Amino acid sequence: MLIFERSHPSRRNAAQAPQAMAAVNIPAALLRKTAPLLPEASEMDVVRHYTNLSQKNFSIDTHFYPLGSCTMKYNPRACNTLAMLPNFLARHPLAPAHTGQGVLACLYDLQEILKEVTGMAGVSLMPMAGAQGEFAGIAMIQAYHASRGDTARTEIIVPDAAHGTNPATAVMCGYKVREIPTNADGDVDLDALRAAVGPQTAGLMLTNPSTLGVFETHIEDIKHIIHDAGGLLYYDGANLNAILGKVKPGDMGFDVIHSNLHKTFATPHGGGGPGAGAVGVAARLLPFLPLPVVAKLPSPTSGRGVGGEGAVEYRYLTEADLPLSIGHLSAFTGNIGVLLRAYIYAKMLGADGMHRVAEFATLNANYLMAELQKVGYRIAFPQRRASHEFIVSCKPLKDATGISAMDVAKRLLDKGYHPPTTYFPMLVPECLLIEPTETESKETLDAFVAAMKEIWDEAHATPDLVKGAPYSQPVRRLDDVKAARELDLTWKA
Amino acid sequence: MLIFERSHPSRRNAAQAPQAMAAVNIPAALLRKTAPLLPEASEMDVVRHYTNLSQKNFSIDTHFYPLGSCTMKYNPRACNTLAMLPNFLARHPLAPAHTGQGVLACLYDLQEILKEVTGMAGVSLMPMAGAQGEFAGIAMIQAYHASRGDTARTEIIVPDAAHGTNPATAVMCGYKVREIPTNADGDVDLDALRAAVGPQTAGLMLTNPSTLGVFETHIEDIKHIIHDAGGLLYYDGANLNAILGKVKPGDMGFDVIHSNLHKTFATPHGGGGPGAGAVGVAARLLPFLPLPVVAKLPSPTSGRGVGGEGAVEYRYLTEADLPLSIGHLSAFTGNIGVLLRAYIYAKMLGADGMHRVAEFATLNANYLMAELQKVGYRIAFPQRRASHEFIVSCKPLKDATGISAMDVAKRLLDKGYHPPTTYFPMLVPECLLIEPTETESKETLDAFVAAMKEIWDEAHATPDLVKGAPYSQPVRRLDDVKAARELDLTWKA
Amino acid sequence: MPFIPHTSQDVSSMLASIGVAEIDALFDEIPAHLKSGSLTALGAGLNEMQVARLMRDRAAQDTPLLNFIGAGAYEHHIPAAVWELATRGEFYSAYTPYQAEASQGTLQVLYEYQTMMASLTGMDVSNASLYDGASGLAEAMLMAVRAHKTSRRILVPATVSPFYRSTARSIVKLQDIELVEIPYDRATGTVDMAALAQHAGTDFAALVIPQPNFFGALEDVDALTNWAHANGGLAIALVNPLSLALLKPAGLWGDNPHPNPLPGGEGTNAALRAPVGADIAVGDGQPLGAPLSSGGSYFGFMCCKQALVRQMPGRIIGRTVDLDGKQGFTLTLQAREQHIRRAKATSNICSNQGLMVTAATIFMSLLGQDGLRRVAAASHQNSQRLAALASGIAGVSVLFNTPTFHETVLQLPKPVAEVLANMANAGILGGYDLSADYPELGNALLVCATETKTEEDLQQFVASLQAAIA
Amino acid sequence: MPFIPHTSQDVSSMLASIGVAEIDALFDEIPAHLKSGSLTALGAGLNEMQVARLMRDRAAQDTPLLNFIGAGAYEHHIPAAVWELATRGEFYSAYTPYQAEASQGTLQVLYEYQTMMASLTGMDVSNASLYDGASGLAEAMLMAVRAHKTSRRILVPATVSPFYRSTARSIVKLQDIELVEIPYDRATGTVDMAALAQHAGTDFAALVIPQPNFFGALEDVDALTNWAHANGGLAIALVNPLSLALLKPAGLWGDNPHPNPLPGGEGTNAALRAPVGADIAVGDGQPLGAPLSSGGSYFGFMCCKQALVRQMPGRIIGRTVDLDGKQGFTLTLQAREQHIRRAKATSNICSNQGLMVTAATIFMSLLGQDGLRRVAAASHQNSQRLAALASGIAGVSVLFNTPTFHETVLQLPKPVAEVLANMANAGILGGYDLSADYPELGNALLVCATETKTEEDLQQFVASLQAAIA
Ligand SMILES: Cc1ncc(COP(=O)(O)O)c(C=O)c1O
Ligand SMILES: Cc1ncc(COP(=O)(O)O)c(C=O)c1O
C-alpha cells in the first residue's frame, strides 16, 4: 500500500505545522490553484507506514551484504549519533567561521588523515560522491594542462574493466575516452596502453585494485608510460579498502585520487547515498583543488577559535586564496554530515586500525574465494590473489544446469543473504563480484559458503526451484521490461 | 539463535572498552575466578542480532494494537527525541538543584497539569508504574488513618472486576481485601457494598471506567457509602483516557488517584515498562505525598534558577518539608525520562487536546462495538455505552463452533492485528477486552472489523484453520505448560 | 487535532453507525453535574516545533558539570548502538509480551537478559526486572520474609545506601517488617562484625549484604553470608552489577551449607540447593546502559537460587517449544503474579522497566565479558588514582583503610557543603556530602571516578578541591 | 580490534584454508618497495568513549546563534519522526536498491518521493535525486543542451544564487557551455525583461528561471517561461520546494504552446506534451527535512516533462509487477546510466542522496499538503513582518518593491559586515551580506525569517539591528 492510499482528504496532522493559516501577501497569478498530491495521514499512520516499509529492506544491520565494489562494511552507530549532536545540525553554512570552529576542526583533521593514508599532498573533501570526486580529479587534470597552455590533450584513457563512472566522467569533463583492454590475468594490456598514449593523452583513470578484484601488477610500468607521454594519473580509490594502510597511491606515483568515504570510511550508503568522494592530489595539482578547503591558521582574534596560547582558527579557503581552483561543486560545502561520520570512524581506527582494514578485508576475500572454489564454483582469476573482492563466474554452472548468475543471486535472498554484485564487471560472463569486507566473521562466511553449496546442489538437483527464486521476499522476480516499456514513475490518484 | 550462540571465545569488541586492562588492587578472595556468561560478539553482530530481533515484535509503530486496559495509543516520536536531549541525560540525580532548573521546571509544570486534569489538590510524580501509584495511594490512606489514631481500619474494599494490582496492592500495604460483586449492568452491587462497610473499612479502590469498559453510574452513591463509613476513596486512574477532559476524579469526590502516564499520556510501554504512576490527592492527604515533590519558590540567589525579575527556583521537597510523607519509593526520583515524555505530550495537547482525548477514544470504542455487534459478536454489556473500551464475549461463538476467544486472538495475528486483551476481566467468559484508542483512524477500525468478520466466517466454515493459528509468526502457539513445568529460564553454554 | 486522525466526515458516519447524534451523547451515563468545565490552567496546545523550542530551552537550563558523584548512580560510557536500537519502534512501542507469538523479539531479549544477570550474579535464575534497586531491595526483603516464614525482622547494615534504606522502609513497614540497623566499623567503613555477632541466635529473616557498600568499600561477603546462614537467616546480596565483572559473584559468597531447609515447593530438589552463596541478589541496573537522567529511568534486577523462584516477584520468561517443536519464548510462572493470583500474588508489580532491560542486554552484549571487566577495572583504577591524588592535598585524607571498588570517602578539613559549592562554581561536581546521613564522620565526602574520567579530569578535580579548601 | 571480529584461531584456520602462512603473504603481488610504512600522522585509535568526548567537545565549540540567514539553506522545523525513522538501520545501512526484491522498502519510498515531487513541481516525472540544488542546476543545463541539440548557451539571470551560478559554471564549462548573465531590474530585484528581450532571436538552449529568486523576490515566471519558449529555448525552473506549497507549480508556468518540437524519442506522444510549463524543474530539497548542518547533506531534486525523461540524469524508480502479477518497484530506464551506457550516459552520477530523500518523503508525509502550506505561509508572514519591523528603524529600508516568499533584502545605513559582526556578538546571525556578490546594491542585507521564528525573536532581531547600526 502506498502512503497516498492511507491518505484521506481533510485529515490533518496538526502537530507538525502552525495551527493557523497565515495571511499570504502574494498576487494571485503567482499562486497555485490546486493542492499538490501529498498524503493527508495521521502522524501514527506515517510512522507505521515507513517503519513497516523499512522492514522490507536488506541492509548491513540485518543481513550479510557481500556486494562487490560497494564495501558494505559495518557502519558504526556512534558515527551517526555523534555526527547528529544538536550543535552540528543547527549551524547555517553561511554562519561566520568563529561559530563553527568545532566542525571545521573535524574537517581539517579529516583532510590531514586522508593526506596521510593516500600519500597525497593535499585534499579537498567537497565532492559529494565517488563520481563527483572523479569529476573533480579529471577537471583538475584539465586545469593543469590548460594552465600550462597544453591544450592538445583531448583524451582520457580508461581500461575496459573500469567502473562506468570513469568513462562517463571523462566525457562530462569534455574528454574523449579511449578504452584499453585487459589481459588474461586481469591486468591492463601494456602493449595496448603503449600504443594508445600520445600528445593527445590528458591522463589515465585506473582503478586499483581493479574491479576484477586484483592488484594491478604493472602499476609502475603504467605510471611511466603515462607520465612519459605527458599525461597525468588518476586513481579511482573506490576500492581503497583493499590497500588501506598497505600501500599509498601517492607512493605509486599517482597525481590525483578520489576515495569513497561511504565505502572505505564506513559511512552509510543510506539506500543510495549521500556519499563523499574526497579528492587528494600531488603537489603539482594543489592550486586546482575544488573549493572550499579548510585551513588552520593562527588565530587573528583572541577569544575566538580554539583559545589559549598558540591559538588557531579554522576557516575555509576561497577563490581569493586559490584563484586557480576548479571551483565549487556544490552550493555550500558538500556532504558535511557524511564527512563527520568518516572522521569519527577514522579516529576510532587510528593508525593501527587503518593498517588492519586491508589485511582483514583481504583475508576474508581470499578465504571466501578458496572455500567457494572448493564447493565447485569457477573463480575468474584463480591464479591471482584476491584483493578485497573476487569474481565467481557462473558460466560453467549455467552450461551444466541452466542456472545463471542471476538465479544464484535470487536464490541467495531465500537463504537470508544479499547477493553479490551481478553482471559487473561486464568482461567476465555470468559473474558474481563478491566483497565480504573485514567486519564479517568467519562464522558468517562459513554460513554463506554453506548456502552457496546448497544452491550448487539445488542447481543440479532441482534447477526449477532455483529459477523461480526468490520465494521469501515481499515480491518475486519483477518484470523489468514492463517497467521500462510502460513507464509508471508516479502514482496517480 | 541466541546472542550467546553468536559468541566466540576471545573475540573482543574493542571499540566499547578501554584498550588496556587496568591494575586491580583488590584482595584475591574478593574477586571472581570465572568469567560471567556474556557474549563475545562483534559490534556488527550485536547490532544485527537485536535489529533482527526487534522485527519479531508487534508494536504500535507497526500494527494496530487494541489491547484493552492498556491504552496503546501513538507514542509521539518527538517525546522521545526531546526527552533524550544530551543535557537531560547527563545530569546526576544528586547534582545540586541549580544545575537542573530545566528538568525541575518540566516536572513542576507536569504536576500542575495533572492537578488540573484530575481535579486533585496535589500531585507526586514519583511512583514508577501504576501498581506503585496504587501502593502510594493506599499507603497514604493508611498514613491518614494512622495520623488520626484511627487504627481499627484493616480492610480495603475492592470490586471483583478490579485489576489484579488492586487487591495485590492492598495486601502489600498490610490490609485485608474484601471483594464486592458486580451487577448485571457492570456496576458495583450497591447492596453488597453497603453490607461490607464498617469501622474496619480503610477505603475502597475503584477503577472508573471499570475494567468492564463502563462508567460506574452510581459513583456518587458509592462515594457517600464509603465516606460515611469513614473510609477513603481510591481511584484507579489507569483508564483515565476514557474521561480525560470530561470529568475529574476530584470532582467525583475521590481522595486519591493514580494515573498511568504510560497509558493516558502516551509514553511508550517499552515492551513492559518503564511507566509512571503519578498520584494525585485531595487536600487532606497532601501531607502524606510520596517524596520528592517539586516546589517552585522565589529564587534565593540571583543568577541561579530562572533569572530575571520575580525569579523563581525549583527544588525538591524532602522529609524536612513533608515530615508526614509516606517517604521515598525509589532511590532517587522515579522514572524522570518517562515523566519528561508525558510532559511533552501534555504540552502538545494543551487544554483543547485534553478535551478531545476522551471524546475520540470513546467514539472509536463505541463505533467498533457497534460494528462488531453487526458482524455477530456478542457484546458483554450491549445496554451500556462503551467507555474507551468494551468487551466481546466469544462464549456464544465457542458454543456454536468450538472457537474460543484465544483462537480468535491467535487468528488475528495472521491478519496483521495484535489481539485484544484475552480472558480479562475474569467475570466475563471467553472475553476479549478491546480498546482502540483515539489515535486510530476509521479506516483502520473498518479493516479490523473486516478481519473479525473473516474470522467469524472461518470459525463457522473451517474451524480447524482457526484453531491452528497463528501461521504467520516466527513461532506457532507455544507450550505454556511445558514452560512452567520444565523451567528453562537461562541459557546454558 | 494532534494525533487524532478523524475527519468530520468520519465522525458523522461513525456516529450514524452507533446511532447517536453527537459525540457528547456517548457520555450520557456520566452525571451531568460532574462534567468538567474547561481545563483553564492548561494553555493552548503547542505544535511540535513550539514544544521542541520549549524543551531545548529547558535543556539549556540544565548545566552539565564534570561529575564525580556516584552514590548509587554512575556515569559510564554507553555505546551509541544501545539507545539507537532500544528506541526502535518495535521495542519502544510494544506492550508487555502477553501474546508470545507476536512478541518473540522482546521475549528473547528478556531471556538473554535473565541469562546474563544470573551469570553475573552467580545465581540460578533472574526475573525480568523490578522498578529500581531500592524498591527491589524492598521486594527482596518481602521475598525473604515469605521464604523464611517465621521472622519479620531484617538486618540492614548502616553501610547500605541511606536512599535504599529509606525506600525499603517506606515499602516494607506497612507489612510490619522491622529493619534492624547494624553499625559499621569506623576504621574500615564496613559492617562491624562484633556488633553483628550480638544478633546471633535472634530471630531474623535475612541479612542484607551490600557489595560494594555505600562508601565504595568492599565487605567481607564470605563471612557475612556464612554468618547469616549459620544463624538461620537468608543472605540478600545488594550488588553493583558492573562490579561483578571483577568481584566474586553473590552466588558463591560464603562456604557454609545452608542450615535451615529452604522453602520452595515443587521445583525444589537437592541438586539445585547450592551449598554456598547468597539466596537473593538485587541491585540497580543503571550502570548497564542507563544514562544518569537526573535519577531515572533505571531498573532493579533480582536473581535468586532456583529453590526460591516461585517466591520471586515480577515477570519471568521461559524457553519452551511451539506446536511444531520449534524453540520459542513465553512469560512463565504467571501464577505468582497479581493478574492471576490477585491478593495472594508475590507482589503487586505489573509494568516493570522493560525498555531499560532491553538497553542493558544490548549494553552487555556490546561490552562482552572482557569489555565489562575492563570498564570495571578502569573505574576502579581511576578512583584509586583520584584518592591518591586528593590525599596529597594538605588536610585531605582517605577515610577508610579498606579495598574499594570505584568509590571512596575523603575526609576534608572544611564543611563539605561549602567545598562542594566552590567546586561547582569551578564547573565540578565534587562528590556526595555524607555529613547529613553520617554526621559521625565529620567532613566526609564520597567521591567516584569511573572509566569516563581522564588523567586531566582527575587533575582538574584535585586542583579545584585544593582551591575550594584553600 | 575495532569492528574486526577475527580471533587468532579464526585467522590461522582461514590462512590454512587459503594455503598461506601469514596475512602479509596475501599482499605479495604488490611491489615490496611500495608498501606503506606506519601511518605516523595518525594517532592511536580512540575507543567510542574517547571519540564521543572528542566530538562533544567539538560540538560545544560550535555556537548556535539565533539565525536569520537563508540564502539557499533554510531553518525549518523537522518533525522528530523524520530522522528517528530515516536512521533506522534498514534504511541507513542499505545500498542502492540494485536487488529489487530485497529493497522494496527503499524503492517504494523513492517511488512515493517521485510522486510527491512531480506533483509539487507540477511536472510529469521526477528522478530519485541529485547531489544538491547547485550541481542539479548544472545537470539541468547539460540536459537542456542535450535536448535542445543545437545550442550550448544558457541564459542565467543574475537573480539566480551566486553560489549556484558558480557551481554550475565549474561543472558545465568543461563541456564548452556558455552561461550568459541576464541583469536584473534595480527597482524590483527581478529579471530585467528589457535586457532579456535583447537575447530574442539569439541561439540559446535554455533560460533559467528562479522562483523565488536569490533576493527572495518573486519573478514573473509566466512571462519568462513564455519568453523562453517563444524564443526557442527550454525553460529551466529553479525552485524552492517548500514555496511550491503556495506558488504556481513550474509545470503550469506560462501559457504558450511549446514552439519547437521537443526531442524525446519513443516515449513522446502528443498527449504528454503539455502546452505550458517549464520543461525541467530543479532545486535543493534541503527545506524538506534536512538540517542546516553547516551546508550538507542536502539533496538536489529534478523533475521534467515526460518527453524529456530519457534525457534525465540519475536513478529513476518504476512500478511494475512480479511473476505473480503483484505490484512491485524497481530501478528503471537504467540504459541512461553510467553503469550501462558508460561514456554515453546522461551523467556520471552513481550514488545520489538517497537517505536525504527518504527523510524528505517522510517529512512531506508528516506535513501533508495542508501542513506544508501552513509552514510556507507562516514563513512568508514572518519575513514580511520582519521587513516591516526592520524598516521602522531609521536608515533601514526594504530594497525591492516586489512580492517575496520568505526572504527579503534590507538596505542598511552602514557597511553590512560591521553590522553583522555586532549582531553576532549579541547572539544573532543577522542575514547574508550581499555586498560582495552585488556591490552595486550598496549596504544590502538578505534576511530570512522562517516559521521557526516567534514574535519575540523578530523583536530581538530588530533590537539588535538597531543597536548594531547605532
Ligand atoms: C570503482 C568505483 N568507482 C566509482 C564509483 C562511484 O562512486 P559513487 O557511487 O560514490 O559515485 C564506484 C561506486 O560504485 C565504484 O565502485
Ligand atoms: C486498571 C489498571 N490498574 C492498574 C494497572 C497497573 O499499572 P502498571 O502496569 O503500570 O503497574 C493497570 C495496567 O495494566 C490497569 O489496567
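No experiment lies behind these values; they were computed from the predicted model shown. Sequence lines set the chain letters: A, B, ... in the order given, protein chains first and strands last, and positions in each chain run from 1.
Only the side chain of B/Gln142 comes within less than 4.5 Å of a heavy atom in chain C; its backbone stays farther off. C/Asp24 touches chain B through its side chain: at least one heavy atom from C-beta onward sits under 4.5 Å away, while N, CA, C and O do not. At a 4.5 Å heavy-atom cutoff, the contact between B/Arg384 and chain C is made by backbone and side-chain atoms alike. With a threshold of 4.5 angstrom between heavy atoms, B/Met348 approaches chain C through its backbone and through its side chain. In this structure, the portions of B/Phe215 lying under 4.5 Å from any heavy atom of chain C include both its backbone and its side chain. For a residue to count as touching a neighbouring chain, one of its non-hydrogen atoms must lie under 4.5 Å from one of that chain's; by this rule C/Gln384 touches chain B with the side chain only. Only the side chain of C/Leu429 comes within less than 4.5 Å of a heavy atom in chain B; its backbone stays farther off. With a 4.5 angstrom heavy-atom cutoff, B/His163 touches chain C via backbone and side-chain atoms both. Using a 4.5 Å cut-off between heavy atoms, B/Leu67 contacts chain C through its side chain alone, with no backbone atom that close. For C/Leu54, the part lying near chain B is the side chain, with the backbone staying farther off; criterion is any non-hydrogen pair under 4.5 Å. Looking at B/His418, only its side chain comes within 4.5 Å of chain C, counting heavy atoms on both sides. Using a 4.5 Å cut-off between heavy atoms, C/Asn67 touches chain B through its side chain atoms alone. The contact between C/Phe329 and chain B is made by backbone and side chain atoms together, counting heavy-atom distances below 4.5 Å. Interface residue C/Ile23: only side-chain heavy atoms are found under 4.5 Å from chain B. Of the two parts of B/Ala83, neither the backbone nor the side chain holds a non-hydrogen atom closer than 4.5 Å to a non-hydrogen atom of chain C. When heavy atoms are compared at a cutoff of 4.5 Å, C/Val357 does not approach chain B at all. Heavy atoms of B/Tyr65 lying under 4.5 Å from chain C belong exclusively to its side chain. For C/Phe27, the part sitting under 4.5 Å from any heavy atom of chain B is the side chain, from C-beta outward, and nothing else. Contact annotation for B/Glu440: only backbone heavy atoms (N, CA, C, O) come within less than 4.5 Å of a heavy atom of chain C. When heavy atoms are compared at a cutoff of 4.5 Å, C/Ala128 does not approach chain B at all. Within the 4.5 angstrom heavy-atom criterion, only side-chain atoms of B/Thr62, from C-beta onward, approach chain C. With a 4.5 angstrom heavy-atom cutoff, B/Arg12 touches chain C only via side-chain atoms. Using a 4.5 Å cut-off between heavy atoms, C/Thr332 contacts chain B through its side chain alone, with no backbone atom that close. With a 4.5 angstrom heavy-atom cutoff, C/Tyr432 touches chain B only via side-chain atoms. Contacts of C/Ala245 with chain B are made by backbone atoms alone, with heavy-atom separations under 4.5 Å and no side-chain atom involved. Heavy atoms of C/Ile316 lying under 4.5 Å from chain B belong exclusively to its side chain. Both the backbone and the side chain of B/Ile3 come within contact range of chain C, each with at least one heavy atom under 4.5 Å from a heavy atom of that chain. For B/Pro470, the part lying near chain C is the side chain, with the backbone staying farther off; criterion is any non-hydrogen pair under 4.5 Å.
Counting only heavy atoms from C-beta outward, the side chains of C/Gln369 and B/Glu40 approach each other to under 4.5 Å.
Within a 6.0 Å radius of CZ in C/Arg56, other residues, nucleotides and ligands contribute 12 heavy atoms or fewer. Residue C/Arg373 places its CZ atom among 12 or fewer non-hydrogen atoms of other residues, nucleotides or ligands, all under 6.0 Å distant.
The backbone N or O of C/Asn348 sits nowhere less than 3.5 Å from a side-chain atom of C/Gln338 that would complete a donor-acceptor pair.
In summary, C/Asp62 and C/Arg58 do not engage in a salt bridge, as defined by a charged side-chain N under 4.0 Å from a carboxylate O. Under a 4.0 Å N-O distance rule, the pair C/Glu90/B/Lys56 does not qualify as a salt bridge. Of the charged side-chain nitrogens involved, none lies within less than 4.0 Å of a carboxylate oxygen, so that B/Arg356 and B/Glu359 do not count as a salt-bridged pair.
Among the candidates C/Ala118, C/Ser129, C/Pro2, the residue making the largest number of heavy-atom pairs closer than 4.5 Å to chain B is C/Pro2. By number of non-hydrogen pairs under 4.5 angstrom with chain B, the leading residue of C/Ala102, C/Cys350, C/Ala378 is C/Ala102. When the candidates C/Leu65, C/Leu244, C/Asp322 are compared by the number of heavy-atom contacts under 4.5 Å with chain B, C/Asp322 comes out ahead. The choice from C/Asp10, C/Val321, C/Leu85, C/Val125 that makes the most heavy-atom pairs within less than 4.5 Å of chain B is C/Val321. With respect to chain B, the highest number of heavy-atom pairs below 4.5 Å among C/Phe163, C/Trp83, C/Tyr131 belongs to C/Tyr131. Chain B forms the most heavy-atom pairs under 4.5 Å with one residue out of C/Arg342, C/Met364, C/Gln104, and that residue is C/Arg342.
Put simply, the residue from B/Gln473, B/Arg477, B/Lys410 that forms a side-chain hydrogen bond (donor to acceptor under 3.5 Å, both in side chains) with C/Glu101 is B/Lys410.
Taking the centre of each ring, C/His6 and B/Phe360 come in below the 6.0 Å mark.
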